[in-house]
Amino acid sequence: MEKLEKFTGVYNIEDHIATENLNTGKKVYGERLIEVDDKEYRIWEPRRSKLGAAIMNGMETFPFKTDSKILYLGASSGTTPSHISDIATNGTIWCVEFSPRMMRSLVELSRDRVNMVPLLDDATKPRNYLHLLEKVDILYSDVAQSKQSELFMENMRLYLKPEGIGIIMIKSRSIDVTQSPKKIFREEEKKLKTGGFKVLEKINLEPYEKDHLAMVCKFAF
Amino acid sequence: MEKLEKFTGVYNIEDHIATENLNTGKKVYGERLIEVDDKEYRIWEPRRSKLGAAIMNGMETFPFKTDSKILYLGASSGTTPSHISDIATNGTIWCVEFSPRMMRSLVELSRDRVNMVPLLDDATKPRNYLHLLEKVDILYSDVAQSKQSELFMENMRLYLKPEGIGIIMIKSRSIDVTQSPKKIFREEEKKLKTGGFKVLEKINLEPYEKDHLAMVCKFAF
Amino acid sequence: MKCYLTCSFAGFISLDENCTLLDYELFPRDKLKERFAKITAGIVTREEELILKRLVKKCDTIVIETNTPHSRYKNLKESIKFKYETPNMAGEFLRSNMEDLLKKTDFLKSDDDLTKIIHDLSIEITNDRLRKASESEDMFLIQAINSIDELDETTGKMVERLREWYSIHFPELDKIKNHERFVEIVADLGDRDSIIDSGVLDPDKDSVRTDKSIGAPISEIDLLILKEFASSIKSLQVTKRSITEYIDERMGEIAPNLKDLTGASLGAKLIAHVGSLERLSKMASGTVQVLGAEKALFRHLKTGERPPKHGLIFQHPEVRGAKWWIRGKVARTLALKISLAVRTDVYSGEYDPSIRESFEKRIEEIKKSNPFPKKST
Amino acid sequence: MKCYLTCSFAGFISLDENCTLLDYELFPRDKLKERFAKITAGIVTREEELILKRLVKKCDTIVIETNTPHSRYKNLKESIKFKYETPNMAGEFLRSNMEDLLKKTDFLKSDDDLTKIIHDLSIEITNDRLRKASESEDMFLIQAINSIDELDETTGKMVERLREWYSIHFPELDKIKNHERFVEIVADLGDRDSIIDSGVLDPDKDSVRTDKSIGAPISEIDLLILKEFASSIKSLQVTKRSITEYIDERMGEIAPNLKDLTGASLGAKLIAHVGSLERLSKMASGTVQVLGAEKALFRHLKTGERPPKHGLIFQHPEVRGAKWWIRGKVARTLALKISLAVRTDVYSGEYDPSIRESFEKRIEEIKKSNPFPKKST
């Protein structure tokens, strides 16, 4: 087992990445649990989590810290948020998810993890949760929608601290199935730049995810 | 009044073409009646009759004679057939028309004109009237249909005498509204040639009819 | 020996390979029309059977020119000898030498005029066909007008369902009472925010509250199916419009005078109610007046209740809009004019605007001379 | 003086232009969830009224950050002083310094854990919203399953009309008994000759006579309108298929175990019949067994007629297909398993294939131990 320098709270166990389980003894999505030196670790499956895939593919900017405040859009049933929750043990992860079905699992998960705050709401209408949120260090967006970049930027403008980091997982097929992913990624990057953001890094998620790109960005000013 | 050399049975009265009224005293379609030397003539309106328009525009081959047998497809309510009936006084004009409404007028007209034989039938199915017809000297077709050349040829093959003449009034808009009339006329001419016919003459019907062309043809052998 | 059989309005004629007349079997002179109808309908006539019976004795192969389905010859004697070819040599020869050949068969006597025979026969045949065609014209029209009722009922039910369904999401939109508009908005725009953003709602006229809806949020998949449902209602509405236009056009052809007097829809309903224009033309105007009120009429006859003043014709704006004390008179007048219009349509077919004009004039007179209700006596 | 008003789950906070705390009005600590629901619904709370009442005395302009429709502030005192700006300076400052500011307002005591408060509150709020969402999920499903009945009825009537209408032209086609196929042939091909030429008719299977039709010829315009009518029926059939797929998908999410046991359609009908999945989960299996047979049940209670053995669940192939002497047993077993499945769906939501498997096993046992009807005693 090895602590990964660049990735706070992420470990290398038998060539798998892993996080220390905040809720000992419980699996979240069927991942493997491994005990090392009296501590329990959860294997982070890059095929199930795009953030995991980005780490495997050599992500440079990994902004998550023990006390990070994170707004997570499209939290789904909590696979990736659970690993972030393992990392940001003293932070808060607001998890926005619109599907009641996903949210049911997410609420269950949140009960056991005090740093996870579930929100059944619509990420395309960020003002909806204006009265419940704080400004965050990291805005993470994984919403399979045609207007995913637009809602990402709107949320950043409302909730991201000036020095904060935004991470978006772009799924080209949700934007336009008829266009080539490359062209779509180029266009979405342009949108972010025009919208006042600086793209720090782009990570292709192959072979874990097809036609997906992770983009890391911050305010350009 | 002047008898027109090239056009049997057609007269020039005060710069109008006309035929001698077979059914004295009766108008067919509101045309003017003029008496000259104890004979009554019906003015032939080129705006109401495409054959009239073709004559006005200098048609060369006018095959109608006193004893002609004619198969007329698309006789409508009988405007043009009535003038042919004035000319072919000893002949027979089989008038095929599919619309009951048109046919009602046509039957009335035929009662007074023994050389007109009305047939409520479908010109696209020429075998339907196989048991009622003779071979004809002239096949005249004015059917506003997309397959007008095809049905014209099929009828000629069944009913036109070897030395007979076929006349077709092509309405480009019935064939394809999206194409230019010129192109359509060219294609229809090609169809006739490929189908074994020789085109003797083409007469544009402007200004009497828009996007119409009269084609006169015979068997190529 | 090989022979050829063809048919004409005069009967069946058989030629040999040299186009010499071999045999013939004529139709009875007074049955030409009936026989022609039979061969057109693809029926093997007695004459055809007779000549074929004779021909199979003489010939090895009989080449038949016919529009009759070949299967119908199967049961004849020695039908194995039959070949089918349309047109065939005999037919071609007959149509090229009609008069000669018919003279040889004694169909044409020396003083007969072939042209006249064909002319008269064709007019008879055509009149028969016209009669059948106008029946089918009526039938097409009747089906169309009946389909409108069904479309109305269907669309109505489906709109009610759509309103209930859509109200889960945006109950405030139900304030839009016009069905077509409601359906169009949902089909084209979909969810609440899109509708509000589009600006189609008129804040004054529609009185749809848009600030805060009490409805539930809606997911993409729920919205998609709702929109599809709305679109299919919309397409029914479009079809209804097309059929209405069709009825309008057809009525203008079949019964221009009736249409002018009653409008296409009511006219078509009257025709549909009795089954054909011709039947309508034979009805007494008193009957026309209460068509569609048969139940009330029956009650009247049975129990002595007041007779009905109007049936379907109540739908005419002049009847529906008439003051109660002249409504009976107006209905009677309209029924009279309908009878006149329908008869004109059937017998002359010509459009005569004076029918409607005289109706309107008569109505004006009735109104003028009855400004107030009569005191009951 | 100008001031800024913002709101958080803790209550209302007002800052001046230098982001100094000016005033605040907190929600009662035990009412956080209720108050949050109110501000989400766009309602001006008592606390907001109170703080605004105080602020208008001190300030000339009050810049309010809010999601509430502005019109709802109109009736408050001196509302002319209100400006609206969302987000505003106070909100931005609050969201950047939440813990500090809430400490200053005494909302947070020194030993309070803000993260825990937000965490617990959010879970409560989310659970409320989930409850509402699952109601609307059920409602969408119920509307969808009900629309299927209407589409069936509608399509049925329209197909009957189409058959009658089309039979004027080509009555022989009516031999095609499958509605979908009939509609498709007419919509896509149209007239008799096109249909025959296309070769879609199977001479063996369809037994449609194609040689000579007794129908009337049809004109272009009559055919066009018939085809349009047929097409609109076809589009209804397509919509029905889409809705059926939608129900299938939704049932898989809402009630995977019920769907597994009964199929999507019957499961959705059961939910629709009682109004919600939750209500269904609370019913005794004896009640579930006769859902949809209320009339027969009522007759039984009133007149002592035999009680019904099954209601809607008769549609299940195992019940419908069961021999009569075991049908009651099968229905009872199915109803029991339905109750189990629905409870699993409501309380755990996890798909458990063993429910259907144990049902199938039980049915096998019933069949095996009752091969013949019992002699009546």
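Proteins get letters first, then strands, A, B, ... in listed order; numbering begins at 1 in each.
In terms of heavy-atom proximity, A:E134 sits nearest to D:L114 at OE2-CD2, 3.6 Å. Nearest approach of A:H131 to D:E65, heavy atoms of both residues: CE1-O, 4.3 Å. In terms of heavy-atom proximity, D:H119 sits nearest to A:V114 at CD2-O, 3.2 Å. Heavy atoms only, all atoms of each residue included: D:T115 and A:N115 are closest at CG2-CA, 4.5 Å. Counting all heavy atoms, side chain and backbone alike, D:M98 lies closest to A:L133 at CE-O, 3.2 Å.
Both the backbone and the side chain of A:L158 have a heavy atom closer than 4.5 Å to some heavy atom of chain D. In this structure, chain A has heavy atoms under 4.5 Å from both the backbone and the side chain of D:E92. Contacts between A:R113 and chain D at a heavy-atom distance below 4.5 Å involve the backbone alone (N, CA, C, O). If you measure heavy-atom distances from A:Y129 to chain D, you find no contacts under 4.5 Å at all. With a threshold of 4.5 angstrom between heavy atoms, D:L121 approaches chain A through side-chain atoms but not through N, CA, C or O.
Within a 6.0 Å sphere centred on NZ of D:K109, other residues, nucleotides and ligands contribute more than 12 heavy atoms. In D:R54, the CZ atom is crowded: over 12 heavy atoms of neighbouring residues, nucleotides or ligands sit closer than 6.0 Å. Heavy atoms from other residues, nucleotides or ligands lying under 6.0 Å from NZ of A:K65 number more than 12. In this structure, D:E278 places its CD atom where only 12 or fewer heavy-atom neighbours from other residues, nucleotides or ligands lie under 6.0 Å away. Applying the 6.0 Å contact sphere to NZ of A:K6 captures more than 12 heavy atoms from other residues, nucleotides or ligands. Within a 6.0 Å sphere centred on CD of A:E35, other residues, nucleotides and ligands contribute more than 12 heavy atoms.
Of the candidates D:T126, D:L130, D:N127, A:R104 forms a side-chain contact (heavy atoms from CB on, under 4.5 Å) with just one, namely D:L130.
In terms of heavy-atom pairs under 4.5 Å with chain A, the best-connected choice from D:I125, D:T86, D:T6 is D:T86.
Taking OG of D:S8 as the reference point, atom CG of A:L130 lies at 10.5 Å (rounded to 0.5 Å).
With hydrogens and angles ignored, the 3.5 Å screen pairs no side-chain donor or acceptor of D:S122 with any backbone N or O of A:V117.
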